[in-house]
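One structure below.
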Amino acid sequence: MTTEQTARGSGQGPGCPLSAAAPPGTTPYAHYARMDELLALQHPLSTADTEPGFIIMSQVKELLFKLLHTELTTARDQLDKDALGDALWTLRRSARVQQVLLVSWETFSVLSPAEFAQFRDVLGSASGFQSAGYRRLEFLLGHKDAAMVAPHRGTAGHAAVAGQLREPSLYDAALALLARRGLLPPADAPNPDSTLPYRTGIEVEEAWRAVYRDPARHHELHLLAEALMDTAEQFARWRYTHLLTVQRMLGAKPGTGGTEGVAWLARISEHRFFPELWSVRSTL
């Protein structure tokens with residue numbers, strides 16, 4: 001074995017910083033993934049047996065939001081580079097992350113109203129509505145509303161949320177690809193305002209209709225359309241499961257953080273990402 005191979009096997013070769021070596025008091029695994037810090041981040045504020053699980057699963061969802069944001073951003077950038085095959089593979093991975101996110105609601109849904117009431121007061125004004133990670137996902141997928149930046153003003157996540165509002169969305173990238181493939185007329189403005197929702201209109205639906213009517217000719221674009229539909233459907237399922245979970249725990253009570261609770265969740269559960277991919281189905 002060469003010196004380089006020995007160094008690489010010990011985690012100290014070229015491209016592997018010496019800091020990867022575990023310091024005293026921890027293991028290489030815990031040091032690499034910062035497990036000790038991660039596992040020290042749960043601080044229940046009540047004596048309720050169910051509060052630790054609520055905190056842990058809330059943190060798990062935030063980590064999954066971050067992972068999903070990473071994957072969907074990668075897919076968007078790959079579409080911008082005309083690397084459609086790579087984007088499809090990335091969307092395949094992101095779909096698995098969405099599946100885990102959907103299943104995460106199951107741990108909340110088994111909380112009885114009495115169990116949740118044991119620690120609900122300590123939440124104060126805390127609400128999932130305030131999640132910067134989730135808001136960035138909404139913006140990344142094209143559901144943009146500048147008013148939704150306001151709840152994050154003065155927080156560490158404000159710059160990231162505001163910045164996401166100004167970035168092109170995944171759907172922007174998909175529609176730009178359709179334009180480059182000659183299926184969609186170029187946008188009126190060469191540099192559209194990225195803070196606005198994605199391009200919409202009959203010509204967008206017509207472009208997707210052309211893809212669906214000749215999937216053999218537009219094979220990869222057809223796969224892209226269905227991959228985007230998978231993404232949109234999983235988000236719709238996630239929102240609806242959120243609605244049912246809150247309804248089961250709270251009934252019609254107001255939500256934490258001053259939201260309307262079930263009434264508000266019912267309204268947002270009707271929203272669909274990539275609407276022309278839904279509406280075109282009625283015309284095929």
Side-chain angles (χ1 to χ4, degrees), residues 65-99 101 135-146 163-239 270-284:
F65 290 159
K66 183 175 183 179
L67 175 56
L68 186 56
H69 182 275
T70 298
E71 296 285 25
L72 294 177
T73 299
T74 298
R76 180 199 63 187
D77 295 347
Q78 288 167 334
L79 290 177
D80 284 339
K81 298 173 184 175
D82 286 296
L84 182 47
D86 292 340
L88 290 170
W89 192 255
T90 301
L91 289 171
R92 176 179 178 270
R93 290 199 307 267
S94 71
R96 301 304 192 275
V97 180
Q98 286 188 275
Q99 289 170 4
L101 265 170
R135 186 57 54 200
R136 291 182 71 197
L137 276 176
E138 289 256 348
F139 288 173
L140 176 58
L141 290 170
H143 189 206
K144 294 186 177 183
D145 181 351
Q164 193 72 58
L165 182 70
R166 295 188 293 269
E167 287 187 20
S169 70
L170 174 64
Y171 201 38
D172 288 331
L175 297 184
L177 178 63
L178 289 181
R180 291 195 298 275
R181 297 288 176 93
L183 293 171
L184 185 63
D188 294 335
N191 296 302
D193 185 355
S194 295
T195 66
L196 300 176
Y198 43 79
R199 178 181 178 182
T200 188
I202 188 64
E203 70 274 8
V204 176
E205 187 176 292
E206 287 287 350
W208 288 123
R209 186 181 295 111
V211 170
Y212 275 103
R213 283 182 171 170
D214 196 347
R217 179 182 178 187
H218 305 293
H219 178 62
E220 281 195 323
L221 290 175
H222 181 250
L223 293 179
L224 174 63
E226 286 298 284
L228 292 175
M229 278 298 293
D230 287 342
T231 302
E233 181 184 345
Q234 289 279 29
F235 262 97
R237 290 178 183 274
W238 192 88
R239 285 165 161 169
E270 296 176 358
H271 172 265
R272 296 290 181 268
F273 292 106
F274 323 138
E276 291 80 14
L277 283 170
W278 296 87
S279 62
V280 74
R281 280 159 163 72
S282 301
T283 70
L284 296 174

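At distances below 3.5 Å, not a single donor-acceptor pair connects side-chain atoms of Arg199 with backbone N or O atoms of Val204. Remark: side-chain polar atoms of Glu167 are not paired, donor with acceptor, to backbone N or O of Leu140 under 3.5 angstrom. Distance alone, capped at 3.5 Å, is enough to place a donor-acceptor pair between the Thr283 side chain and the Val280 backbone. A donor-acceptor pair under 3.5 Å is formed between the side chain of Lys144 and the backbone N or O of Leu165.
Counting all heavy atoms, side chain and backbone alike, Trp278 lies closest to Ala232 at NE1-CB, 3.8 Å.
Atom CZ of Arg136 is separated from atom NZ of Lys66 by 9.0 Å, given to the nearest 0.5 angstrom. For the atom pair NE2 of His69 and CG of Leu137, the computed distance is 6.5 Å after rounding to the nearest 0.5 Å. Separation of atoms CZ (Arg239) and CD (Glu270) is listed at 11.0 Å; rounding is to 0.5 Å. Note that CG of Asp172 and CG of Leu177 are 12.5 Å apart. Values are rounded to the nearest 0.5 Å. For the atom pair CD of Glu205 and OG1 of Thr200, the computed distance is 9.0 Å after rounding to the nearest 0.5 Å. Residue Glu203 holds its CD atom at 9.5 Å from CG of Leu175, rounded to the nearest 0.5 Å.
Residue Arg237 qualifies as open at atom CZ: its count of foreign heavy atoms under 6.0 Å is 12 or below.
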- Message: Walk me through whether Tyr171 and Glu276 qualify under side-chain hydrogen bond (donor to acceptor under 3.5 Å, both in side chains).
- Response: CA-CA 11 Å; Tyr171 201 38; Glu276 291 80 14; 2.9 Å; yes
If you look only at distance, which donor and acceptor atoms sit under 3.5 Å apart when one is on a side chain in residues 219-230 and the other is two or more places apart or in another chain?
from   : atom 1 : to     : atom 2 : distance (Å)
Glu226 : OE2    : Tyr212 : OH     : 2.5
Glu226 : OE2    : Arg281 : NH2    : 2.6

Could you list the donor-acceptor pairs under 3.5 angstrom formed between side-chain atoms of residues 81-94 and any protein atom two or more places apart in sequence or on another chain?
from  : atom 1 : to     : atom 2 : distance (Å)
Asp82 : OD1    : Arg180 : NE     : 3.2
Asp82 : OD1    : Arg180 : NH2    : 3.3
Asp82 : OD2    : Arg180 : NE     : 3.3
Thr90 : OG1    : Gln78  : OE1    : 2.8
Thr90 : OG1    : Gln78  : NE2    : 3.4
Thr90 : OG1    : Asp86  : O      : 3.0
Arg93 : NE     : Glu71  : OE1    : 3.3
Arg93 : NE     : Glu71  : OE2    : 3.0
Arg93 : NH2    : Glu71  : OE1    : 2.8
Ser94 : OG     : Leu91  : O      : 2.9

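Ring geometry for Trp238 versus Phe65: interplanar angle over 60°, hence perpendicular rather than tilted (30 to 60°).
Phe274 places none of its side-chain heavy atoms less than 4.5 Å from the side chain of Ser169. Two residues are said to be in side-chain contact when any heavy atoms from C-beta on lie closer than 4.5 Å; Phe235 and Arg272 fail this criterion. Using a 4.5 Å heavy-atom threshold, the side chains of Asp77 and Thr74 count as separate. Residues Leu170 and Leu79 have side chains in contact (heavy-atom distance under 4.5 Å, counting atoms from C-beta outward).
Under the rule for a ring-ring contact (aromatic ring centres under 6.0 Å, His included), the partners of His143 that lie at least two apart in sequence or sit in another chain are His271.
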